[in-house]
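Structure record follows, encoded as structure tokens.
Note that the structure is predicted; figures quoted are calculated from it, not measured. The first residue in the sequence is number 1, and the count goes up from there. We use all heavy atoms of the structure for the numbers below, so side chains are in, but hydrogens, waters and symmetry mates are not.
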Amino acid sequence: MADAQALTPNAAQETEAKRRHDPDVRGFASDNYAGTHPEILAALAVANGGHQSAYGADAYTEHLQDVIRSHFGRRAEAFPVFNGTGANVVALQALTDRWGAVICADSAHIHVDECGAPERVGGLKLLTVPTEDGKLTPELIDREAFGWDDEHRAMPQVVSIAQNTELGTLYTAEEIRVLCEHAHERGMRVHLDGARIANAAAALDVPMRAFTNAAGVDILSLGGTKNGMLFGEAVVVLEPDAVRHMKHLRKLSMQLASKMRFISVQWEALLSGDLWLRNARHSNAMARRLAEGVASVDGVELLHPVQANAVFARLPHDVSERLQKRYRFYFWDEAAGDVRWMCSFDTTEQDVDGFLAALREEMNR
């Protein structure tokens, strides 16, 4: 048996790791930049002892199904996966035939930020619709919802929406219900990309089920990495009659984790209590604090309503470049001078206030 002492990093290793990563560096580039919540790290340590069956036949994945059903109803079933793009590709394939197409906003993550994975890996045609705020409406859906009997056209079979949208905006539960009814009336299914679903529920002050299974969503990409998990997301089947062969699709898509207990136990830690909601409420509150401060800075324009944990703004390009040397963040549209600032579960008031002070300094140079 290995000496337990040999598994403990020594002081030299810890010092070297500190040189590679300064934990005092903060930024507003992405909620993916944040570390892992301590409660989730503790859960991972508990799950680490002994042997458990592989590929999801473990105690943690089995219990996860009860946790998921407490949020999304008794028919829900969770399929843990490695990442968000994998969740989206698996979920969309589960709802489509080989000739199927997906209607989505032109700003959707599946269209803009997944390197063509839905098309190249999933074999799907994306039918994109321009929107002002990232949100689809029945009228916008109908721009592409036609031609089901036309063998020359990819068949619209799925409507994919995001909650929150890529522009940080939110659908109400009623808006999603109307979209789902509209899609279902036309024989289409509905996928929800919930990479930041906790932020939406916190902002709307409703349970996640209110705008998912209760509203008619058929399948959900459930996001946890942006809300404090170390790694892993999940596909949650909300309407079992809508999907086929999920287990096979997950494996075929290279999203089946052998040591799945380490994804499942993170979900258990996040969702069994209120950690998911605490984290989301905090990151939303920090975004509101940031937006309120930005609103008082002359020459900076807020571009979209700040409804969750994202702030979109427009400011002089040279100011952004100088500010990026002090805090990490991304241009959203560099030509227009648009930027995106994201808050995380570990963003502090001091982080926000320090950023605002730096912003004012750079604007006044």
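With hydrogens and angles left out, the side-chain atoms of His182 and Asp142 include a donor and acceptor closer than 3.5 Å. Looking only at atom types and distance, the side chain of Glu233 has no donor-acceptor partner in the side chain of Asn83 under 3.5 Å away. Judged purely by distance below 3.5 Å, without hydrogens or angles, the side chains of Asn309 and Asp31 pair a donor atom with an acceptor atom.
Note that CZ of Phe312 is 7.0 Å distant from CE of Met342, once rounded to the nearest 0.5 Å.
Figure legend: cation-pi geometry between Lys247 and Phe79 absent, as NZ or CZ is not positioned both under 6.0 Å from the six-membered ring centre and within 45° of its axis.
With sequence neighbours excluded, the residues forming a ring-ring contact (aromatic ring centres under 6.0 Å, His included) with His245 are His248, listed by chain and number. Judged as a side-chain hydrogen bond (donor to acceptor under 3.5 Å, both in side chains), and not counting sequence neighbours, the contacts of Thr61 are Asp58, Ser264.
Ion pairing between a basic and an acidic side chain is recognised when a charged N comes within 4.0 Å of a carboxylate O; Arg340 and Asp333 show no such pairing.
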Determine, step by step, whether Arg365 and Glu361 satisfy the salt bridge (Lys or Arg N to Asp or Glu O under 4.0 Å) criterion, reporting the C-alpha distance in whole Å, the side-chain angles of both residues, the deciding distance to 0.1 Å, and the verdict.
CA-CA 6 Å; Arg365 282 182 58 175; Glu361 289 175 10; over 6 Å; no
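A parallel orientation is assigned to the rings of Phe331 and His317, their planes being inclined by less than 30° (bins at 30° and 60°). Ring geometry for Trp276 against His71 counts as perpendicular: the plane angle is over 60°, on a 0 to 90° scale with 30° as the lower cut.
With hydrogens and angles ignored, the 3.5 Å screen pairs a side-chain donor or acceptor of Arg261 with a backbone N or O of Ala47.
Think of Met260 as one node in a network of Ile, Leu, Val, Met, Phe, Trp and Tyr side chains linked at under 4.5 Å; its network also takes in Tyr55, Leu256.
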